[in-house]
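Residue numbering restarts at 1 for every chain, and letters A, B, ... go by the order of the sequence lines.
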Number of protein chains: 2
Amino acid sequence: MRRHELTNPAAAHTDGASHDHAVCIDALLDRAKHSFGEKGLKLTALRLRVLEEIAASHDAVGAYDVLERLAARSGGKVAPISVYRAIEALREAGVVHRLESRNAFFACHAPHLGRHGHMALVCDKCAEVVEVEAPDFHASLQRAGRDRGFAVTSAIAEGFGVCEVCRAEATKPAHEEQS
Amino acid sequence: MRRHELTNPAAAHTDGASHDHAVCIDALLDRAKHSFGEKGLKLTALRLRVLEEIAASHDAVGAYDVLERLAARSGGKVAPISVYRAIEALREAGVVHRLESRNAFFACHAPHLGRHGHMALVCDKCAEVVEVEAPDFHASLQRAGRDRGFAVTSAIAEGFGVCEVCRAEATKPAHEEQS
DNA sequence: GGGCCGATGATATGATATAACACTTGAGCC
DNA sequence: GGCTCAAGTGTTATATCATATCATCGGCCC
Ligand SMILES: [Zn+2]
Ligand SMILES: [Zn+2]
Ligand SMILES: [Zn+2]
Ligand SMILES: [Zn+2]
């Protein structure tokens, strides 16, 4: 089992159940086109396929998951390095981030140009990742660093817990639970 | 080369050059003994050997680095899983942390019982890790999460930049540089 | 002693990521 | 068109990080 997978994949609830995810995807692809253009990068067929797989949910997925899904869905097989290269380009374009604590990747649905001041919240139950703005975070980190002569140029922050939907499910009466 | 190593290991300056690191080690070992005792864990010979290797510098080191150093220094070879198990125990005791962004581990020289409210600052030049207290961080993360119904139970934060010593070296006149 | 449990050993494998080099393609230039 | 160059991708191999599984050992309790 991939290290970032859940014991209960059925717990994932962001593939359309709680919102119209097609809207998320459309907005993301649109932003990706613009972002690639602005940065002089090319949103090639492979990169688009990889982005579509990552953006298919709000979860963080491993590079090898992407690879398997590409093979299963798009037909043509690709090598691990090709997936990693595509992901790297998507990261440069700012449409995909890496979840450092899980060695996995997730689509950025909340543009925040400049890599600073956002945090990822990861649900331990359903693996969903949401980004929250945290303008204070980077500033306070730089302040803390400055006290020690440390010049902070970039930072990451990741929080773990239980998301709203999973909390609601956890408090549901037992007879409403799925088997 | 291990991914977390530097291109110029000589840049490391925390192995005694800029402070009396024996003091750091003594304090850490002392704290480790107490912490293992309090938690009902045992600071076994293997765990102590692993801790000594990790604590030998303020850098983050990979599990396989530890393994190689154990083989080189202490004689007896150990399997990767044994190193990982020892590291896991040291983490539970709170004397070692994982640097998520590098898949590496570093000794905690700044006790902060409870895993909240600290951040790691990593020098891109010398790989030194310093921990800074950030009492606001976890609170603000929980506040941000609460707005979205997300209950944050733990979090990590890692900052990257250039430490004081390396900054000083960078501004030194060229004729003082090492070849 | 015998049962138990936490720690370690031993072996194998899984999971994540990159190196090196070849090939293709398209843009810019002449 | 033909040339060059750079970016992207393919192909193969390998490096790096981490865990599964079962055996064994040694202290501790009864
Ligand atoms: Zn969505
Ligand atoms: Zn984002
Ligand atoms: Zn020290
Ligand atoms: Zn610490």
For E164(A), what residues pass the side chain to side chain contact (heavy atoms under 4.5 Å, CB included) criterion, not counting sequence neighbours? none
Can you tell me the distance, in whole Å, between the CD atom of E88(B) and the P atom of dT19(D)? 8 Å
Has the side chain of D20(B) got a donor or acceptor atom that lies under 3.5 Å from a matching backbone atom of A22(B)? yes
Atom pairs, protein N/O to nucleotides 3-8 of chain C N/O, distance under 3.5 Å:
residue : atom : partner : partner atom : Å
dA7(C)  : OP1  : R47(B)  : NH1          : 3.2
dA7(C)  : OP1  : R47(B)  : NH2          : 3.4
dA7(C)  : O5'  : R47(B)  : NH2          : 3.4
dT8(C)  : OP1  : T44(B)  : OG1          : 2.4

In whole Å, what is the span from the CD1 atom of I87(B) to the C1' atom of dC17(D)? 11 Å
To the nearest 0.5 Å, what is the distance between CD (E100(A)) and CZ (R102(B))? 8.5 Å
Between I81(B) and I81(A), who's closer to the 5' end of DNA chain C by nearest nucleotide? I81(B)
To the nearest angstrom, how far is L43(A) atom CG from dG8(D) atom P? 11 Å
Exam field: side chain Q142(A) to backbone V152(A), donor-acceptor pair closer than 3.5 Å: yes
Nearest to the side chain of N103(A) - dA18(D), dT12(D), dA17(C)? dA17(C)
Rounding to a whole Å, what distance do you find between D65(B):CG and dC17(D):P? 7 Å
Look at the side chain of Y64(B) against the base of dA15(D) and say whether a donor-acceptor pair falls under 3.5 Å; ignore hydrogens and angles. no
Under a 4.0 Å threshold between the charged nitrogen and the carboxylate oxygen, would E88(B) count as salt-bridged to R91(B)? yes
Measure CZ/R98(A) against C1'/dT18(C) and give the value in whole Å, please. 13 Å
How close or far is atom P of dC17(D) from atom CG of L67(B), stated in whole angstroms? 11 Å
Let me know the distance between CZ of R102(B) and C1' of dA17(C), rounded to the nearest Å. 15 Å
Among H138(A), H109(A), H97(A), whose ring pair (Phe, Tyr, Trp, His ring centres under 6.0 Å) with H118(A) holds? H97(A)
Take the protein atom OH of Y84(B) and the nucleotide atom P of dT13(C), then report the distance between them rounded to whole Å. 19 Å
So, R31(A) side chain and C108(A) main chain: donor-acceptor pair closer than 3.5 Å or not? yes
